[in-house]
Enquirer: 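This is the structure I have questions about; it appears just below.
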Amino acid sequence: MTSVRVPAGSPATEEEARAVQDALRARVVLDEPGPPAGSGYVTGVDVAYDDERDVVAAAAVVLDAATLDVVAEATAVGPVPFPYVPGLLAFREIPAVLAALERLPVAPGLVVCDGYGRAHPRRFGLASHLGVLTGLPTIGVAKNPFMFAYDDPGAARGSWSPLLADDGEEVGRALRTRAGVKPVFVSVGHRVSLAGACAHTLALASAYRLPETTRRADALCRRALRETTT
DNA sequence: GCGACAG
DNA sequence: ATCTTGTCGC
């Protein structure tokens, strides 16, 4: 199991963190369609915590988008760099995720994050942040709607409805990946269109509600956390 | 001021 | 995120 400690260096205050988001937001690229779904590599990233021991473990799992076979995986562990604050999740997860991505032996391709991208109070969620820092195409697939409104999409797999901000902007989509099951909440991160993000999500989530990428990354980071004794 | 609030 | 057993079902 590849594992490495993550370097320190995070905002000292919430105000500082919000300022970082406001500064980096301008670098998000929204006018690229992104790679086509179903081919190339797709990488899932996720993290698990043990606040008692002050440990965060991240995992990055690369899948062949056509077969969903695992191509490569990497993990990284380190101290929890930031408390959980709604809207500032990225500062808690990104240092470890970056370290795990750097340990991969192959280029990640499109990165699927467990959380939001554009669907964020300041339009700069975890997926947007990771995209800007790495330059990679990224999308966010969340299990719960944050502070946005939506109508329940149709019961059929593939049905969707817009995820709307207060000002009426479509910041993402509630996408039904399995018939009759609670939808997932998709938003773009960096260099991918919303339609493309949904196409990737649907291609990755045929057997279960969540994309295979996040399922694999979730299992791996939990295991890495369990096996960490430092 | 009070509550809501991705993971 | 995390605390947490057994159980019903494919």
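Proteins come first, then strands; the chains are lettered A, B, ... in the order of their sequence lines, and each starts at number 1.
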Enquirer: A:L126 has an atom CG; how far is it from atom P of B:dG7, in whole Å?
Expert: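 A:L126 atom CG is separated from B:dG7 atom P by 10 Å.
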Enquirer: Let me know the distance between CG of A:D218 and C1' of C:dT2, rounded to the nearest Å.
Expert: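 Result: 12 Å.
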Enquirer: Please lay out, stage by stage, how A:R176 and A:D152 fare under the test salt bridge (Lys or Arg N to Asp or Glu O under 4.0 Å).
Expert: CA-CA 9 Å; A:R176 190 87 66 189; A:D152 200 40; 3.3 Å; yes
Enquirer: Let me know the distance between CZ of A:F82 and P of B:dA6, rounded to the nearest Å.
Expert: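 These atoms are roughly 16 Å apart.
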Enquirer: Base, sugar-phosphate, or nothing for A:D46, non-hydrogen atoms under 4.0 angstrom?
Expert: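 Here A:D46 touches the backbone only, sparing every base.
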Enquirer: Round to a whole Å and report the spacing from CG of A:D51 to P of C:dT2.
Expert: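 Going from CG in A:D51 over to P in C:dT2 covers 9 Å.
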Enquirer: On the nucleotide B:dA6, are OP1 or OP2 found under 4.0 Å from the side-chain N or O atoms that A:K143 carries?
Expert: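 For A:K143, the contact criterion (side-chain N or O under 4.0 Å from OP1 or OP2 of B:dA6) is not met.
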Enquirer: Give me the ring orientation class for A:H129 and A:F124: parallel if the planes are under 30° apart, tilted from 30 to 60°, perpendicular past 60°.
Expert: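 The arrangement is tilted - the two ring planes meet at 30° to 60°.
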Enquirer: How would you label the contact of A:G87 with the nucleic acid (heavy atoms, under 4.0 Å): base, sugar-phosphate, or nothing?
Expert: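 Contact class for A:G87: base.
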Enquirer: Which is true for A:A48 with a 4.0 Å heavy-atom rule: it touches a base, it touches only sugar-phosphate, or it touches nothing?
Expert: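 Answer is sugar-phosphate: A:A48 comes under 4.0 Å of backbone atoms only.
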Enquirer: Are A:N144 and B:dC5 close enough that a side-chain N or O sits under 4.0 Å from OP1 or OP2?
Expert: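 Negative; the distance criterion is not met.
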Enquirer: Grab the CZ-C1' distance between A:R226 and C:dA1 for me, whole Å please.
Expert: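 Between C1' of C:dA1 and CZ of A:R226: 16 Å.
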Enquirer: Under 4.0 Å: is that the gap between some side-chain N or O of A:R222 and OP1 or OP2 of C:dT2?
Expert: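 Checking A:R222 against C:dT2: at least one side-chain N or O falls below 4.0 Å of OP1 or OP2.
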Enquirer: For the side chain of A:P86, counting heavy atoms from C-beta on, which of B:dA6, B:dC5, B:dG7 is nearest?
Expert: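 Within the option list, the nearest is B:dC5.
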Enquirer: For A:C198 and A:R173, what are the C-alpha separation, side-chain angles and deciding distance, and is it a side-chain contact (heavy atoms from CB on, under 4.5 Å)?
Expert: CA-CA 8 Å; A:C198 289; A:R173 289 178 183 173; 3.6 Å; yes
Enquirer: Need one value for A:L88: base, sugar-phosphate or nothing, where a base atom within 4.0 Å counts as base even if backbone is also close, heavy atoms only.
Expert: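 Base contact.
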Enquirer: From B:dC5, C:dT2, B:dA6, pick the nucleotide closest to the side chain of A:Y116?
Expert: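 Output: B:dA6.
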Enquirer: According to a strict under-4.0 Å criterion, is A:Y49 in side-chain N/O contact with OP1 or OP2 of C:dT2?
Expert: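 A:Y49 to C:dT2 OP1/OP2: no side-chain N or O under 4.0 Å.
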Enquirer: From the list C:dT2, C:dA1, B:dA6, which nucleotide is the closest neighbour of the side chain of A:L225?
Expert: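 The closest nucleotide is C:dT2.
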Enquirer: Please report, rounded to the nearest Å, how far the P atom of B:dG7 is from the CE atom of A:M147.
Expert: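 Checked: the CE to P distance equals 13 Å.
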Enquirer: Please report the distance, rounded to the nearest Å, between CZ in A:R122 and C1' in B:dC5.
Expert: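 Distance check: A:R122 CZ to B:dC5 C1' gives 12 Å.
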Enquirer: Measure up the A:F146 and A:Y116 rings against each other and bin them: parallel (under 30°), tilted (30 to 60°), perpendicular (over 60°).
Expert: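 A:F146 and A:Y116: parallel rings.
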Enquirer: For A:A74 versus A:L220, what's the shortest heavy-atom pair and its separation?
Expert: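 So the two residues come closest at O-CD2, 4.1 Å.
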Enquirer: Between C1' on C:dA1 and CZ on A:R223, what's the gap in Å once rounded to a whole number?
Expert: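 It works out to 20 Å between those atoms.
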